[in-house]
Amino acid sequence: MKNSSEIVDDINMLYKEQGYSLSELARRIDMPKSSLSRYLNKTREFPLNKIPVFANALNVSEKEILGIESSDDKKQLSKEIQDALDKLLELNKEKQKIVIDFINKQLEEQ
């Protein structure tokens, strides 16, 4: 499970990735912008009891925000990764390079 600081980092990333302003996120979670700002700037302890509200506003699961994975989640993810790897190996070398370059670019942007 993530600690409070990691949760705040993820929330900051999620709302920006989704194109929300701080004001829009504050409206979506029904919280004063000044309070939200203090939480996201880590000058005030993040209210863990508000995770469901944030998850709903950001269209993610509470588990995702908390960094909790069940063994079923891990099994499904492992299967998806293996399937993707199998497909990658079916590609010719030129196409494999394109996919790997794309992955590396995405990692740099993240």
Side-chain angles (χ1 to χ4, degrees):
M1 187 164 125
K2 296 175 187 170
N3 64 36
S4 182
S5 179
E6 292 169 326
I7 290 169
V8 170
D9 290 343
D10 283 355
I11 289 171
N12 270 311
M13 179 189 65
L14 284 167
Y15 93 84
K16 290 173 184 174
E17 278 181 357
Q18 294 181 21
Y20 298 149
S21 65
L22 188 65
S23 297
E24 175 63 14
L25 181 58
R27 185 191 67 73
R28 287 174 167 265
I29 61 172
D30 193 29
M31 180 182 287
K33 181 180 168 186
S34 58
S35 297
L36 176 59
S37 179
R38 286 186 204 105
Y39 294 133
L40 298 183
N41 289 327
K42 301 179 187 176
T43 56
R44 190 181 231 180
E45 188 66 26
F46 184 80
L48 295 178
N49 65 326
K50 295 284 188 185
I51 296 255
V53 176
F54 278 86
N56 185 49
L58 295 167
N59 302 309
V60 296
S61 71
E62 294 172 38
K63 285 183 177 184
E64 185 176 342
I65 289 180
L66 291 170
I68 299 171
E69 291 184 66
S70 70
S71 59
D72 288 341
D73 293 338
K74 289 180 183 178
K75 286 177 189 173
Q76 180 62 32
L77 184 58
S78 295
K79 182 177 179 345
E80 290 172 4
I81 290 171
Q82 187 59 53
D83 290 347
L85 182 56
D86 290 344
K87 289 176 183 174
L88 178 65
L89 294 173
E90 290 177 22
L91 296 172
N92 65 40
K93 295 292 180 192
E94 182 180 321
K95 297 287 186 183
Q96 287 177 359
K97 182 175 180 348
I98 292 169
V99 172
I100 291 168
D101 289 346
F102 175 77
I103 291 169
N104 287 328
K105 183 175 186 269
Q106 293 302 304
L107 287 169
E108 287 172 13
E109 291 177 7
Q110 184 174 302

**OP:** Give the cluster check for Ile103 versus Leu89: same hydrophobic cluster or not, with ILVMFWY residues linked at side-chain heavy-atom distances below 4.5 Å.
**Re:** yes

Subject >> Neighbour count above 12 (heavy atom, 6.0 Å) for Lys2 NZ >> reply: yes

**OP:** Give the cluster check for Met13 versus Val53: same hydrophobic cluster or not, with ILVMFWY residues linked at side-chain heavy-atom distances below 4.5 Å.
**Re:** no

**OP:** Answer yes when Lys79 and Asp83 have at least one side-chain N-carboxylate O distance shorter than 4.0 Å, and no when they do not.
**Re:** yes

**OP:** Ignoring hydrogens and angles, state whether a donor on the side chain of Asn104 or Glu108 is under 3.5 Å from an acceptor on the partner side chain.
**Re:** no

Original post:
Minimum heavy-atom separation for Pro52 to Glu62, with atom names?
Top reply: CB-OE2, 3.5 Å

Subject >> Gap between atom CG of Asp10 and atom OH of Tyr15 - 0.5 Å precision >> reply: 13.5 Å

Original post:
Hey, do the aromatic rings of Tyr39 and Phe54 have their centres closer than 6.0 Å?
Top reply: no

Subject >> Validation row: Ile29, Leu58 side chains within 4.5 angstrom (heavy atoms) >> reply: no

Original post:
Between Lys97 and Asp101, is there a salt bridge with N-O shorter than 4.0 Å?
Top reply: yes

Original post:
Any donor-acceptor pair under 3.5 Å linking the side chain of Gln96 with the backbone of Leu91?
Top reply: yes

Original post:
Given the rule in the side-chain contact (heavy atoms from CB on, under 4.5 Å) test, do Tyr20 and Leu14 qualify, once you have shown the distances and angles that lead to the verdict?
Top reply: CA-CA 9 Å; Tyr20 298 149; Leu14 284 167; over 6 Å; no

Original post:
Which distance, rounded to the nearest 0.5 Å, do you find between the CG of Asp9 and the NZ of Lys42?
Top reply: 3.5 Å

Subject >> Cluster check Met31, Leu48: I/L/V/M/F/W/Y, side chain < 4.5 angstrom >> reply: yes

**OP:** Inspect the surroundings of CD in Glu94 and state if more than 12 heavy atoms from other residues, nucleotides or ligands are less than 6.0 Å away.
**Re:** no

Subject >> Value rounded to 0.5 Å, distance of CG in Asn59 from CD in Glu64 >> reply: 10.5 Å

Subject >> Cluster link Leu107 to Leu88, ILVMFWY, side chain under 4.5 Å >> reply: yes

Original post:
Does the pair Arg27/Glu24 count as a salt bridge with the N-to-O cut at 4.0 Å?
Top reply: yes

Subject >> Minimum heavy-atom distance between Pro32 and Ala26, given as atom pair plus value >> reply: C-CB, 4.3 Å

Original post:
Can you tell me how far the CG atom of Leu40 sits from the CG atom of Leu22, to the nearest 0.5 Å?
Top reply: 6.0 Å

Subject >> Flag, side chain of Asn41 to backbone of Thr43, donor-acceptor distance under 3.5 Å >> reply: no

